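Owing to the predicted nature of the structure, the values given are computational and were not obtained by experimental measurement. Numbering starts at 1 and runs along the sequence shown.
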Amino acid sequence: MKTSWRSASLVAGAAMMMALTTACGQESAPSTGSQNVGATAAAGDYGIGGTGIGTSAGAGAGAGGEAQSSSTTGPQTSGAGQLNVSANEELGSVLTDSKGLTLYRFDQDTAEPPKSNCDGDCATAWPPVPADDATAGAGIDKGKLGEVTRADGTKQLTIGGWPAYRYAKDTKAGDVAGQGVGGKWYALAPDGKKAKASGSASGSDTDLPGLSTRNDPKLGEIVVDKNGHTVYRFMKDSPWPMKTACVGECLEKWPVIAPVDAEDTEGIDLKGSGPRGQGYVVFDRPDGIKQQTIDCVPIYTFAGDKKPGDTNGQGVGGTWYAVAPDGKPVGKP
């Protein structure tokens, strides 16, 4: 009797799952329990999905669970006018609007082609900058200015292809409260890249791979993401069977690392775990988010790390630790 293509697909899928689960079963599963978002985490306002809404994990939820975001009436929603270059002691040259308010970019947007992925509550915390009256001031290449049509039909200013935003909690000229929020938001440089101080990699566009390593003076060799931010693992997660205990409010402080091409890594030990020893598995989380793993361990960043080199998430709650190149926790007692 001939086997139908559907049956063959099911058999092939089962075989691949067995390969994954066998490869990811090398580390014993930790005990499960309630999630620990880090009660002793560094103070900060990380909000919904790294948008900066709310005052702590889970804060800002009103009736029906809808987020109560900051008001955006006033200068955050007005036209940009003449754009200017402002000097910031930490970030160097920063792009500002005519009122001196800092402009930002979002890592989850794209520049080629330009596309905004910040809507709803996100757009309340990060008001899109209108494109209609924006002009280039001194030190700004007018060829870098453009526009993108948002989902609601409005035109948003782009700089070097990147959609531009203000931050609702910047209340006066020179404020940069949005810098590094959620590990996804960064002040714009005049060319559309991330603003950086001269000779510093802080918040910058670097040549770092999607995942690489650096030598921390206290922790030794640890994994960092494409922005140079420290990568962490949660000891209540399980590599086998692959499960996560960080869901809901937990993700507000511990954003997941999105899938990274295996070729876009450097210094990561990929041997012995994953299909055919590749050691690289993407976790399909129950909440629908795809998350990168190392040695089958789900990995995260910490919203309390504001710049490359920060390790504020290390040891939080006795359950969060930086990740070694082989996926093991660094500094766990």
Side-chain angles (χ1 to χ4, degrees), residues 23-24 50 91 105-113 115 117 160-162 179-180 182-189 191-197 199-234 239 254-285 289-303 305-314 320-330:
C24 293
L91 301 176
R105 52 176 276 183
F106 184 32
D107 272 358
Q108 290 185 344
D109 287 348
T110 59
E112 296 180 359
K115 186 178 187 303
N117 290 304
W162 288 97
Q179 175 68 9
K184 300 175 183 178
W185 292 90
Y186 297 94
L188 273 162
D191 59 0
K193 294 183 178 180
K194 299 173 186 177
K196 62 176 180 177
S200 169
S202 176
S204 66
D205 279 327
T206 70
D207 294 327
L208 289 177
L211 288 172
S212 59
T213 65
R214 70 173 178 84
N215 284 312
D216 184 85
K218 293 183 179 179
L219 302 177
E221 190 176 18
I222 59 175
V223 178
V224 296
D225 71 359
K226 64 181 180 181
N227 295 313
H229 288 263
T230 303
V231 170
Y232 299 90
R233 59 175 287 179
F234 187 29
W254 303 93
V256 307
I257 301 249
V260 178
D261 288 338
E263 307 237 342
D264 190 22
T265 66
E266 184 177 315
I268 311 297
D269 184 1
L270 302 181
K271 297 178 180 178
S273 66
R276 298 177 299 284
Q278 292 175 2
Y280 223 63
V281 177
V282 172
F283 177 30
D284 288 313
R285 295 169 50 92
I289 300 172
K290 292 186 180 294
Q291 182 174 10
Q292 187 59 60
T293 73
I294 297 178
D295 196 23
C296 298
V297 175
I299 53 177
Y300 310 77
T301 54
F302 180 45
D305 286 347
K306 294 298 184 181
K307 63 183 184 301
D310 284 352
T311 55
N312 298 320
Q314 178 68 5
W320 290 92
Y321 295 92
V323 177
D326 61 359
K328 300 296 188 292
V330 176

For the student: nearest non-hydrogen atoms of A111 and G160, plus distance: CB-O, 3.9 Å
Just verifying a value: how many Å separate N227 CG and K184 NZ, rounded to the nearest 0.5 Å? 11.5 Å
Could you give the distance from CG (D284) to CD (Q291), rounded to the nearest 0.5 Å? 10.5 Å
Inter-residue atom distance Q314.CD - D305.CG, 0.5 Å rounding: 10.0 Å
Parallel under 30°, tilted from 30 to 60°, perpendicular over 60°: which one fits the rings of W185 and F106? parallel
Identify the two heavy atoms, one from P255 and one from G182, that lie closest to each other, and give their separation to 0.1 Å. CG-O, 3.7 Å
Return the minimal non-hydrogen interatomic distance between R105 and K193, and the atom names on each side. NH1-CA, 3.4 Å
side-chain contact (heavy atoms from CB on, under 4.5 Å) with P298: of W254, F234, F283, only one passes, and it is F283
Spell out, as yes or no, whether a donor-acceptor pair under 3.5 Å connects the side chain of D109 to the backbone of N117. yes
Could you tell me which non-hydrogen atom of V231 sits nearest to which non-hydrogen atom of D225, and how far apart they are? CG2-N, 3.7 Å
If I take atom CG from residue L208 and atom OG1 from residue T265, how far apart are they, to the nearest 0.5 angstrom? 12.5 Å
Please name the pair of heavy atoms, one in Y232 and one in A322, separated by the smallest distance, quoted to 0.1 Å. CD2-N, 3.6 Å
Is there a side-chain contact between T213 and I268 (heavy atoms, below 4.5 Å)? yes
Could you pull out the closest heavy-atom pair between R233 and G327, with the gap in Å? NH1-O, 2.7 Å
Main chain of V260, side chain of Q292: is a donor-acceptor contact present, judged purely on distance under 3.5 Å? yes
Between H229 and Y186, how do the two ring planes meet: parallel, tilted or perpendicular, split at 30° and 60°? tilted
Close side-chain approach of N312 and F302, heavy atoms under 4.5 Å: yes
Only one of I294, D295, V297 passes side-chain contact (heavy atoms from CB on, under 4.5 Å) with K328; say which it is. D295
Validation row: K306, Q179 side chains within 4.5 angstrom (heavy atoms): no
Got a second to check how far T230's OG1 is from Y321's OH, nearest 0.5 Å? 15.5 Å
Gap separating the CD atom of E221 from the CZ atom of R214, nearest 0.5 angstrom: 11.0 Å
